[in-house]
Amino acid sequence: MNKEIIKLIRKSYNMTQRDFARVVSCSFSLIALVEVGKRRVTADLENKIKIAFDLDDQQMQSLTSLVTEISKGVPPFM
């Protein structure tokens with residue numbers, strides 16, 4: 001999991017960083033720092049996000065693929 005995936009999840013639920021942090025049970029500052037690249041996504045944070053949003057490995061792979069395609073500037077459904 002990386003900062004782009006976290007941002008995608010957060011924005012897809014139309015959440016602020018504070019709302020997202022509350023749902024995930026972590027600090028707002030951690031989410032803010034992760035999203036700007038000043039902190040890395042730890043295994044603990046990744047697990048909290050997966051649990052909070054009920055994400056399995058297949059869904060995580062789909063999100064990773066989507067973010068990869070978006071970062072290339074290629075429409076993901078081609």
Side-chain angles (χ1 to χ4, degrees):
M1 185 175 291
N2 60 31
K3 65 183 185 177
E4 288 84 10
I5 293 172
I6 289 176
K7 191 178 265 188
L8 177 67
I9 295 168
R10 179 176 67 78
K11 288 189 173 202
S12 70
Y13 283 91
N14 198 27
M15 300 174 98
T16 65
Q17 289 176 335
R18 288 187 191 279
D19 294 336
F20 188 83
R22 261 185 239 112
V23 169
V24 175
S25 299
C26 69
S27 70
F28 151 73
S29 60
L30 175 61
I31 299 303
L33 291 171
V34 165
E35 285 193 8
V36 297
K38 295 197 179 230
R39 292 284 303 268
R40 65 182 182 84
V41 180
T42 62
D44 183 52
L45 178 58
E46 182 173 343
N47 286 332
K48 285 181 177 185
I49 292 169
K50 285 179 176 179
I51 291 167
F53 293 94
D54 195 28
L55 299 170
D56 61 26
D57 290 336
Q58 184 176 353
Q59 291 167 316
M60 286 303 305
Q61 181 59 41
S62 295
L63 287 172
T64 301
S65 296
L66 181 62
V67 167
T68 300
E69 292 303 313
I70 290 170
S71 70
K72 291 179 187 175
V74 177
F77 303 110
M78 293 188 90

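- Transitive grouping of hydrophobic side chains (ILVMFWY, heavy atoms separated by less than 4.5 Å) brings M15 and V67 into a common cluster.
- If you take CG on L45 and CD1 on I31, they are separated by 5.0 Å, rounding to the nearest 0.5 Å.
- For D56, the side chain to side chain contact (heavy atoms under 4.5 Å, CB included) test picks out Q58, Q59, with sequence neighbours left out.
- Using a 4.5 Å cut-off between side-chain heavy atoms of Ile, Leu, Val, Met, Phe, Trp and Tyr, with links allowed through other members, I9 and I70 fall into the same hydrophobic cluster.
- Here S29 contributes atom OG and R18 contributes atom CZ; the two are 9.0 Å apart, rounded to the nearest 0.5 Å.
- Ion pair K50/D57 flagged as a salt bridge, since at least one NZ, NE, NH1 or NH2 atom sits closer than 4.0 Å to an Asp/Glu carboxylate oxygen.
- Atom CE of M60 sits about 10.5 Å away from atom OG of S65, to the nearest 0.5 Å.
- Listed by chain and number, the residues in a ring pair (Phe, Tyr, Trp, His ring centres under 6.0 Å) with F53 are Y13, F20 (sequence neighbours excluded).
- Take T42 and apply the side chain to side chain donor-acceptor pair (under 3.5 Å) test, not counting sequence neighbours, and it matches no residue.
- The one candidate from K11, R10, R40, K3 that meets the salt bridge (Lys or Arg N to Asp or Glu O under 4.0 Å) condition with E35 is R10.
- We find the CG-CD distance between L63 and E4 to be 12.5 Å, quoted to the nearest 0.5 Å.
- By the rule that hydrophobic residues join a cluster once side-chain heavy atoms approach within less than 4.5 Å of another member, L33 and V23 end up as members of separate clusters.
- Interatomic distance, CG of N2 versus NZ of K7, reported as 11.5 Å (0.5 Å rounding).
- I49 CD1 to D44 CG: the interatomic distance, rounded to the nearest 0.5 Å, is 10.0 Å.
- Side-chain contact between L30 and V24 is absent, with no heavy atoms from C-beta onward closer than 4.5 Å.
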